[in-house]
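All remarks here apply to the structure that follows.
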Amino acid sequence: MIIFYIQIRMEHTTGIKTLADLKRIQEEVSKRIGLRDKAENPESLVQVKVAMATCGIASGAKEVMEFFALELDKRGIDAVVTQTGCMGYCFAEPTVEITLPGREPMVFGYVNPKKADEIIERYIKNGELVDGIIPQNYNTIES
Amino acid sequence: MVTLAMHMIDIVQNSLRAQADMVTITLDERGDESFLLFRVEDDGTGMDRISLERLTDPFFTTRTTRRVGLGIPFLKMTCEQTGGSLRVASTEGEGTTVEALYRTDNPDCLPLGDLEGSLLLLVMANPAIRFRFVYQVGKEAFLFDTDALREQGIDLQHPQMLTPVKRYIRENLEVLWRHRAPESYLC
């Protein structure tokens with residue numbers, strides 16, 4: 001933990017201005033994560049898709065996606081975080097679709113970083129359902 | 001949209017849906033002429049003339065999940081409210097260029113927002129796409145090219161690289177921003 005802290009301090013004080021700086025950090029990161037490489041089979045990973053169309057972006061999807069990407073890694077959960085388009089639930093943005101290995105995808109609405117934290121701790125880690133699920137049988141208004 | 005970074009994510013989504021392999025994002029600050037040019041260029045499928053004509057119509061979309069398409073109309077609104085303008089050029093089979101001109105001597109000019117964070121999320125979510133991000137202030141420029149970084153062995157898909165790469169972009173942008181004209185409302 002102390003070593004990790006020193007590394008962060010070093011990164012902070014030396015600055016990251018050139019590609020060479022980035023390369024150096026990449027080498028440090030690779031050493032750190034070398035043992036915990038991602039599984040080859042994406043089916044065994046948690047998949048997080050953040051809806052990032054106009055509606056999602058305007059409601060803060062960027063912060064939510066960043067939160068998932070950083071926090072899932074910090075908490076040691078093997079996951080792929082990606083973007084998707086509008087799922088038609090513009091009223092409930094930001095929306096996030098989560099697929100646990102071997103389970104049906106689940107869509108959560110009104111997700112902010114606080115909600116995302118609850119989703120990680122309760123749904124992703126323990127499979128417990130949390131508030132804000134958008135039912136699969138929900139239909140958009142037909143013309 | 002309250003920042004240019006939000007527009008950037010939004011407009012780039014259009015390029016991705018048009019199956020682009022390379023997306024070039026340019027932000028060009030011209031202090032002497034008091035404007036900022038925001039451009040997204042892609043090599044995607046492009047649009048036919050009818051789509052192009054209806055592009056700024058908020059009730060035009062190619063989606064089936066909803067019946068409005070507000071990305072381009074919002075962009076048009078935010079640049080026009082500064083006294084600027086929107087220009088879209090597209091050729092079927094070749095690609096599309098969206099160009100929004102913001103007047104930076106107008107207080108309604110949008111803040112830039114989290115450009116580096118937004119860009120990196122786009123990069124992270126789309127590993128197969130080559131992104132080029134060019135920020136220019138007068139004669140000074142900063143180029144971020146995902147191919148160049150990958151060549152150096154930098155893993156842009158790894159969450160632990162997100163923060164360092166963000167700082168790399170930020171520090172370079174801050175150097176450029178020192179050249180910004182003092183009367184600019186950009187922030």
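Below, all heavy atoms of this structure are taken into account, side chains as well, without hydrogens, waters or symmetry copies. Note on naming: letters A, B, ... go to the chains in the order of the sequence lines (proteins, then strands), and numbering restarts at 1 for each one.
When all heavy atoms are compared, the tightest approach of B:E171 to A:I16 is OE1-N, 3.0 Å. The heavy-atom pair separating B:P159 from A:A69 by the smallest distance is CB-O, 3.4 Å. Of all the heavy atoms in A:C55 and B:R66, the pair that sits closest is SG-NH2, 4.0 Å.
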Going through the distances and angles, do A:Q83 and B:Q13 end up as a side-chain contact (heavy atoms from CB on, under 4.5 Å)? CA-CA 10 Å; A:Q83 300 172 348; B:Q13 299 298 336; 3.0 Å; yes
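Separating the CD1 atom in B:I154 from the CZ atom in A:R24 is a distance of 11.0 Å, to the nearest 0.5 Å. Rounded to the nearest 0.5 Å, atoms CD (B:Q160) and CD (A:E28) are 11.0 Å apart. Atom-to-atom distance recorded for B:I72:CD1 and A:T54:OG1 is 9.0 Å, nearest 0.5 angstrom. The CG atom of B:L122 sits 8.0 Å away from the CE atom of A:M65 when rounded to the nearest 0.5 Å.
Remark: B:D32 CG is packed, more than 12 non-hydrogen atoms of other residues, nucleotides or ligands lying under 6.0 Å away. With a 6.0 Å radius and a threshold of 12 heavy atoms from other residues, nucleotides or ligands, A:E104 has its CD atom at or below the threshold. No more than 12 heavy atoms of other residues, nucleotides or ligands lie within 6.0 Å of NZ in B:K76, so this atom counts as exposed by the packing criterion.
Ranked by non-hydrogen atom pairs under 4.5 Å with chain B, the options A:L22, A:V50, A:T82 are led by A:L22. In terms of non-hydrogen atom pairs under 4.5 Å with chain A, the most contact-rich of B:R170, B:R17, B:M1 is B:M1. Counting heavy-atom pairs closer than 4.5 Å to chain A, the top-ranked of the candidates B:H7, B:M124, B:Q152 is B:Q152. Chain A forms more heavy-atom pairs under 4.5 Å with one residue of B:I169, B:L70, B:I9, B:T3 than with any other, namely B:I9. Ranked by heavy-atom pairs shorter than 4.5 Å toward chain A, the options B:V68, B:L149, B:L120, B:D114 are led by B:D114.
Counting heavy atoms from C-beta on, the side chains of B:Y168 and A:L19 come closer than 4.5 Å. Between A:I25 and B:M161 the shortest side-chain heavy-atom distance falls below 4.5 Å. Between A:L70 and B:T163 there is a side-chain heavy-atom pair separated by less than 4.5 Å. Side-chain contact between A:D73 and B:H158 is present, with heavy atoms from C-beta onward closer than 4.5 Å. In this structure the side chain of B:L162 reaches within 4.5 angstrom of the side chain of A:E66, judged on heavy atoms.
Under the 4.5 Å side-chain heavy-atom criterion for Ile, Leu, Val, Met, Phe, Trp and Tyr, B:V134 and B:F144 are members of distinct hydrophobic clusters. Cluster membership for B:L37 and B:L112, using ILVMFWY side-chain heavy atoms within less than 4.5 angstrom, is not shared. In this structure, B:F60 is not a member of the same hydrophobic cluster as B:M77, with clusters built from ILVMFWY side-chain heavy atoms closer than 4.5 Å. Residue B:L27 is grouped with residue B:V137 when hydrophobic side chains (ILVMFWY) are merged at heavy-atom distances under 4.5 angstrom, including chains of intermediate members. Following chains of ILVMFWY side-chain contacts shorter than 4.5 Å, one cannot reach B:Y135 starting from B:V175, and the two form parts of different hydrophobic clusters.
If you measure heavy-atom distances from B:D155 to chain A, the contacts under 4.5 Å come from both the backbone and the side chain. At a 4.5 Å heavy-atom cutoff, the contact between B:N126 and chain A is made by side-chain atoms alone.
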